[in-house]
Amino acid sequence: MLWFAAAAGLACGSPAMNEPPEKAFSESPREPSSISARAAGSPYVRVIGTAQDGGLPHAACACDRCDRARREPSFRRAVTSLAIVLPASERVFLVDVSPDVRRQLDGLMDVRNDPPDRVDREPVDGALLTHAHIGHYLGLAFFGFEAVHARDLPVYCTPRMAGFLSGHGPWDQLVRMGNLSLQETAPGTSRELGDGVTVTPFAVPHRDEYSDTVAWKITGPNRSLLYMPDTEPWGRWSAPVEEILDQVDVALLDGTFYSADELPGRTVDSIGHPLIVDSMERFAGRASPEILFTHLNHSNPALEPESAAARRVAERGFAVAGEGQEFEL
């Protein structure tokens with residue numbers, strides 16, 4: 001697999017570089033891919049955020065990690081999101097539109113052709129949404145009249161998510177004014193983005209107060225990637241998640257919490273996410289796909305590259321996604 005590594009990922013944003021994980025030890029045959037230049041003109045995915053919805057530093061938090069992120073810009077993490085880049089057709093698509101989208105668009109200037117001296121009304125060519133929790137769609141507001149004032153930005157989402165956006169303010173205004181063009185895409189339905197890239201949503205169990213929740217499979221000419229930033233623990237799935245993992249080369253999975261120790265007073269059953277320690281145990285021994293964790297909460301010790309938790313992730317043959325990391329498709 002081909003990828004670039006940047007800042008160790010979790011709850012906020014930074015351009016600092018992150019070394020690739022060490023080769024897996026005997027507990028797992030998985031070998032993290034080596035850093036390599038991708039082929040010129042090939043489509044790829046770029047990680048542009050890895051934090052849980054509250055970011056790092058987290059809103060209104062004075063814990064040690066959040067204080068460190070305020071002191072050290074390189075330790076900050078943007079809210080989880082991806083960019084699908086199609087160099088041949090000069091197109092860029094966001095996967096989830098986070099509250100940090102302004103900064104994330106700035107980080108994509110190297111793959112976009114901004115018009116000089118004015119607002120770019122078409123900074124991206126579309127967006128794919130996973131669900132209606134704050135870290136995954138609030139950034140759509142910046143494409144509205146008060147900011148970018150986009151023109152018919154295609155937004156690929158499930159019919160229920162489309163109904164939520166078109167039926168509730170302030171999102172309905174973006175639809176009425178033609179800032180957003182909702183492209184209903186039911187789970188299991190594929191869409192072609194161009195350059196040999198297709199995207200397909202898969203339904204996943206999660207808290208579905210306003211919309212259902214999906215993961216996105218992104219398939220290119222040579223390789224495929226799964227983006228699943230939010231899900232219930234694996235034991236609550238009606239069918240094994242491995243059925244989806246078997247279809248891809250790379251998987252960016254929900255790594256919100258490292259272990260139950262982060263949440264004193266709460267039982268494991270009350271945590272609506274798979275723990276990284278449980279995921280590593282469940283997926284140990286799989287040669288494929290390459291698994292990286294994203295959507296890390298500010299409490300997660302794996303945020304700190306020097307921590308025992310981060311070392312353990314690397315030793316087991318997994319990784320924490322890093323901002324700026326790229327995966328050729």
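Of the N and O atoms on the side chains of S98 and D96, not one donor lies less than 3.5 Å from an acceptor on the other residue. Side chain to side chain, D208 and T213 meet the donor-acceptor criterion of an N or O pair below 3.5 Å. Of the N and O atoms on the side chains of N297 and H58, not one donor lies less than 3.5 Å from an acceptor on the other residue.
In this structure, the ring of W216 has its center no less than 6.0 angstrom from the ring center of F93.
Classification of R176 and D172 as a salt-bridged pair holds, one side-chain N sitting under 4.0 Å from a carboxylate O. Ion pairing of R70 with D67 is present here, as a side-chain N (NZ or NE/NH1/NH2) and a carboxylate O approach within less than 4.0 Å. Ion pairing of R76 with D100 is absent here, as no side-chain N (NZ or NE/NH1/NH2) approaches a carboxylate O to less than 4.0 Å.
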Subject >> Trace of the salt bridge (Lys or Arg N to Asp or Glu O under 4.0 Å) decision for E281 with R316 >> reply: CA-CA 9 Å; E281 187 65 27; R316 295 296 300 269; 3.7 Å; yes

**OP:** In sequence, state the C-alpha distance, the side-chain angles, and the governing distance for S42 and E328, and then conclude on side-chain hydrogen bond (donor to acceptor under 3.5 Å, both in side chains).
**Re:** CA-CA 7 Å; S42 296; E328 186 173 356; 3.0 Å; yes

**OP:** I would like to know whether R191 and E184 meet salt bridge (Lys or Arg N to Asp or Glu O under 4.0 Å); could you show each step before the answer?
**Re:** CA-CA 10 Å; R191 293 273 191 170; E184 295 188 9; over 6 Å; no

**OP:** Determine, stepwise, if the pair R112 / D106 fulfils salt bridge (Lys or Arg N to Asp or Glu O under 4.0 Å).
**Re:** CA-CA 10 Å; R112 295 170 33 229; D106 288 346; 5.9 Å; no

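Judged as a side chain to side chain donor-acceptor pair (under 3.5 Å), the pairs with a partner in residues 148-158 (not counting sequence neighbours) are, in order, H149-N179, T158-D212. Legend: ring pair (Phe, Tyr, Trp, His ring centres under 6.0 Å) pairs involving residues 180-209, not counting sequence neighbours, sorted by first then second residue: H131-H206, H133-H206, H206-H273. Residue pairs that meet the salt bridge (Lys or Arg N to Asp or Glu O under 4.0 Å) test with at least one member in residues 42-53, sequence neighbours left out, are R46-D110, R46-E326.
When side chains are defined from C-beta on, L108 counts as touching L94, because their heavy atoms get closer than 4.5 Å.
V148 and M109 sit in two unconnected hydrophobic clusters of ILVMFWY residues. Membership requires side-chain heavy atoms under 4.5 Å apart, directly or through other members.
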